Amino acid sequence: MNLFAIIILTALLADYLIGLLSDLLNLKTLKRPLPAEFEGVYDREDYRKSQDYTRTRIRFGIVATSFNLGILLVFWFSGGFNWLDVAVQAPGYGPVWTGLLYIGALMAGKSLLSLPFQIWSTFVIEEQYGFNRTTPITFVSDRVKGLLLSLILGGPLLAGIIALFQFSGTAAWIWAWAAITLFTLLIQFVAPAWIMPLFNRFDPLEEGELRDKIESYADKVSFPLQEVSVMDGSRRSGKSNAFFTGFGKNKRIALFDTLIEKQTPDELLAVVAHEVGHYKLKHIPKNMAIGILHTGLMLALLSLVLTLPGLFEAFYMDRMSIHAGLVFFGLLYSPAEMVLSVVMGALSRKHEFEADAWAARTTGRPEAMIQALKKLSLENLSHLTPHPLTVFLTYSHPPVLERIRAIKKIEKGNRTTAIPD
């Protein structure tokens with residue numbers, strides 16, 4: 001076993017063991033009593049159900065993660081990567097088509113192996129706790145559409161990256177960086193108008209009190225409101241959510257229909273104000289900029305290791321190739337990816353606190369944001385007291401209890417409705 005194999009194996013096992021420790025510690029937190037802030041929101045049965053749901057999801061996650069790691073290690077140490085490479089090389093299609101076949105086969109195999117877990121998650125766990133509204137037809141349709149999109153959008157991009165590293169010499173990573181950046185920006189622009197409607201229906205928010213409140217608020221904070229949509233989230237799940245996506249003329253704020261059913265107009269306005277806060281505080285372009293810089297760094301490192309025979313020897317390969325190198329580099333890069341995910345998670349949680357504060361201050365109704373968060377946690381059976389290690393490693397949003405306490409500080413310290421610059 002060479003140095004590359006040791007680094008990759010150590011990283012995989014460390015990631016698994018740290019995640020397992022996080023899950024076990026998180027399971028212990030389920031013995032905690034209901035926080036005082038949620039008394040009157042959760043009754044005893046609601047809280048027991050939320051704890052049971054969290055416990056079930058954690059245990060299911062441990063099984064799925066253990067299975068995936070086991071399959072990867074068996075495939076690796078049985079020479080599976082080399083066997084597949086020999087098979088796709090046999091027809092002699094050339095480096096680009098061969099690379100597409102190789103990576104496509106690995107992705108297809110991973111998808112097939114994950115399918116039973118997806119079925120169990122959707123039709124057993126989510127069904128058991130009253131969330132699932134996905135029909136078998138919708139389930140299959142979603143995956144067929146996802147596959148077609150991967151082929152239509154991801155296929156040409158992957159082919160271009162393989163071709164660039166195969167034929168463009170030392171500048172390949174720069175050209176690949178430019179191509180991925182343009183692709184990312186294009187997807188961000190077209191997704192709200194062309195891609196998302198393939199999976200969900202988006203209807204304009206109907207006239208009435210809520211729309212009037214939102215339009216008045218948008219004028220107040222100088223937000224260029226183009227569309228507030230109602231998304232048919234109830235088609236797949238009883239859970240509630242809202243999100244902001246896109247940029248330019250394709251910006252969209254979407255509210256799940258399940259959210260509108262359960263929240264008051266003031267609470268929904270607070271949710272919209274939170275999403276507006278992400279826009280006004282420039283969280284989206286900041287995250288995109290970080291992502292673009294990260295991609296450039298990753299591609300620069302990739303260009304250095306693609307020529308190192310030791311990386312391919314670690315996976316028992318008979319020959320070096322761009323397509324196999326892309327896969328192996330992804331595994332080699334996993335320690336840096338773990339660190340980056342923790343950093344990005346912390347940044348995301350910071351942004352959520354900032355968007356909450358924006359919503360509380362600009363609406364002048366911090367209590368509406370608090371009530372909205374409480375209802376969302378109940379409707380989604382959120383874990384109210386997660387372990388700090390789990391939050392540190394995996395949470396993109398702060399725990400709801402921390403968000404509520406942060407908003408209460410704003411409510412106590414500043415009861416004005418002044419709008420931040």
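Remember, predicted model here, so these are calculated numbers, not experimental data. One-based numbering along the sequence shown.
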(message) Assess, by modelled atom type and distance only, whether the side chains of Tyr102 and Ser321 contain a donor and an acceptor separated by less than 3.5 Å.
(response) no
(message) Keeping Asp232 on the side-chain end and Asn200 on the backbone end, is there a donor-acceptor pair under 3.5 Å?
(response) no
(request) Give a yes or no on whether the backbone of Val221 and the side-chain of Lys280 come within a donor-acceptor separation of less than 3.5 Å. (result) yes
(message) Could you check whether atom CZ of Phe243 has more than 12 heavy atoms from other residues, nucleotides or ligands sitting under 6.0 Å from it?
(response) yes
(message) Using side chain to side chain contact (heavy atoms under 4.5 Å, CB included), reason through His351 and Leu281 one step at a time and then give a plain yes or no.
(response) CA-CA 9 Å; His351 287 171; Leu281 297 170; over 6 Å; no
(message) With salt bridge (charged side-chain N to carboxylate O under 4.0 Å, His left out) as the rule and sequence neighbours excluded, what pairs involving residues 351-360 come up?
(response) Lys350-Glu354, Asp356-Arg403
(request) Can you establish whether the number of heavy atoms outside Phe67 located under 6.0 Å from its atom CZ is more than 12? (result) yes
(request) Before accepting this row, confirm whether a basic side-chain N of the pair Lys49/Asp52 lies closer than 4.0 Å to the acidic partner's carboxylate O. (result) no
(message) Can a donor-acceptor pair be found, under 3.5 Å and without considering hydrogens, that links the side chain of Arg211 to the backbone of Leu205?
(response) yes
(request) Tell me yes or no: between the side chains of Ser234 and Thr258, is some donor less than 3.5 Å from an acceptor? (result) no
(message) I'd like to check Tyr16 versus Leu12 (side-chain heavy atoms, cut-off strictly below 4.5 Å). Are they in contact?
(response) no
(request) May I ask you to test the Leu210-Gln263 pair for a side-chain heavy-atom distance under 4.5 Å? (result) no
(message) Is the shortest side-chain heavy-atom distance between Phe77 and Met1 below 4.5 Å?
(response) yes
(request) Rounded to the nearest 0.5 Å, what's the gap from OH on Tyr316 to CG on Asp318? Could you check? (result) 13.0 Å
(request) Identify which one of Trp83, Phe81, Phe329 satisfies the ring pair (Phe, Tyr, Trp, His ring centres under 6.0 Å) criterion when paired with Phe315. (result) Phe81
(message) Measuring only between side-chain heavy atoms, which start at C-beta, is Asn287 closer than 4.5 Å to Met344?
(response) yes
(message) Tell me if a side-chain donor or acceptor on Arg349 pairs with a main-chain N or O of Val391 at a distance below 3.5 Å.
(response) yes
(message) What's the separation between atom NE2 in His274 and atom NE2 in His278, rounded to the nearest 0.5 Å?
(response) 3.0 Å
(request) Kindly compute the distance separating CG (Leu378) from OH (Tyr42), expressed to the nearest 0.5 Å. (result) 5.0 Å
(request) State, with a plain yes or no, whether a side-chain heavy atom of Leu158 is found less than 4.5 Å away from one of Leu326. (result) yes
(message) Looking at every heavy atom in both Leu100 and Gly155, which two are closest together, and how far apart are they?
(response) CD2-O, 3.7 Å
(request) Answer yes or no: are there more than 12 heavy-atom neighbours, outside Lys282 itself, under 6.0 Å from its atom NZ? (result) no
(request) For the pair Ile253 and Val276, evaluate side chain to side chain contact (heavy atoms under 4.5 Å, CB included) and give the outcome as yes or no after the intermediate values. (result) CA-CA 8 Å; Ile253 292 176; Val276 171; 3.8 Å; yes
(message) Please give me the minimum heavy-atom distance between Ile407 and Ala360, naming the atom from each residue.
(response) CG2-CB, 4.2 Å
(request) Go through the side-chain N and O atoms of His383 and Thr390 and say whether any donor and acceptor fall under 3.5 Å apart. (result) no
(request) Could you tell me whether a side-chain N or O of Ser114 sits under 3.5 Å from a main-chain N or O of Ser111, the two making a donor and an acceptor? (result) yes
(message) Tell me the closest heavy-atom pair linking Ser121 and Arg57, and the distance in Å.
(response) OG-NH2, 2.8 Å
(request) Please test Tyr333 against His294 for ring pair (Phe, Tyr, Trp, His ring centres under 6.0 Å), starting from the C-alpha separation and ending with a verdict. (result) CA-CA 12 Å; Tyr333 191 71; His294 167 242; 5.8 Å; yes
(message) Could you check whether Tyr395 and Ser348, counting side-chain N and O atoms only, form a donor-acceptor pair closer than 3.5 Å?
(response) no
(message) Around atom CE of Met107, are there more than 12 heavy atoms from other residues, nucleotides or ligands closer than 6.0 Å?
(response) no
(message) Donor-acceptor pair, distance only, cut-off 3.5 Å: does the side chain of Asn380 make one with the backbone of Ser382?
(response) no
(request) Mark yes or no for whether Gln51, through its side chain, and Leu30, through its backbone, hold a donor-acceptor pair below 3.5 Å. (result) yes
(message) Just to verify, what does Ala406 make a side-chain contact (heavy atoms from CB on, under 4.5 Å) with, not counting sequence neighbours?
(response) Phe353
(message) For the backbone of Ala314 and the side chain of Trp76, can you confirm whether one donor and one acceptor N or O come within less than 3.5 Å of each other?
(response) yes
(message) Can you confirm whether Ile18 sits close enough to Met338 that some side-chain heavy atom of one is under 4.5 Å from a side-chain heavy atom of the other?
(response) no
(request) Could you check if a side-chain atom of Glu367 sits within less than 4.5 angstrom of a side-chain atom of Asp266, using non-hydrogen atoms only? (result) no
(request) Using a cut-off of 6.0 Å, state whether more than 12 heavy atoms not belonging to Lys286 lie near its atom NZ. (result) yes
(message) Rounded at 0.5 Å granularity, tell me how far CG in Leu306 sits from CD1 in Ile322.
(response) 5.0 Å
(request) Check whether any side-chain heavy atom of Thr65 lies under 4.5 Å from a side-chain heavy atom of Asp23, and answer yes or no. (result) no
(request) Decide whether Asn132 and Glu127 meet the rule of one side-chain donor and one side-chain acceptor closer than 3.5 Å. (result) yes
(message) Less than 4.0 angstrom from a charged side-chain N to a carboxylate O is my criterion; do Lys374 and Glu37 meet it?
(response) no
(message) Looking at every heavy atom in both Phe202 and Met196, which two are closest together, and how far apart are they?
(response) CZ-CE, 3.6 Å
(request) Take atom CZ of Arg319 as the centre, draw a 6.0 Å sphere, and report whether it contains more than 12 heavy atoms from other residues, nucleotides or ligands. (result) yes
(request) Salt-bridge test for Glu126 and Lys239: reply yes if a basic N is under 4.0 Å from a carboxylate O, no otherwise. (result) yes
(request) Could you please spell out the steps behind the side chain to side chain contact (heavy atoms under 4.5 Å, CB included) verdict for Leu381 and Thr54? (result) CA-CA 8 Å; Leu381 296 181; Thr54 300; over 6 Å; no
(message) For Tyr47 and Phe38, I'd like to know if the aromatic rings sit close, meaning centre-to-centre distance below 6.0 Å.
(response) no
(request) Please check if any side-chain donor atom of Thr363 sits under 3.5 Å from a side-chain acceptor atom of Tyr217, or the reverse. (result) no
(request) Write down the atom of Pro156, the atom of Leu153, and the distance for their closest heavy-atom approach. (result) CD-O, 3.6 Å
(request) Determine the minimum heavy-atom distance between Ala176 and Phe165, stating which atoms define it. (result) CB-CE1, 3.9 Å
(request) Please round to the nearest 0.5 Å and tell me the distance separating atom CG of Leu73 and atom OG of Ser78. (result) 10.5 Å
(request) Could you walk me through whether Thr264 and Lys375 pass the side chain to side chain contact (heavy atoms under 4.5 Å, CB included) test, one step at a time? (result) CA-CA 10 Å; Thr264 68; Lys375 286 184 179 180; 3.9 Å; yes
(request) Drop me the distance from Thr122's OG1 to Asp142's CG, to the nearest 0.5 angstrom. (result) 9.5 Å
(message) Does Leu17, at its CG atom, have more than 12 non-hydrogen atoms belonging to other residues, nucleotides or ligands within less than 6.0 Å?
(response) yes
(message) Tell me whether Arg143 forms a cation-pi arrangement with Phe139, defined as NZ or CZ under 6.0 Å from the six-membered ring centre and within 45 degrees of its axis.
(response) yes
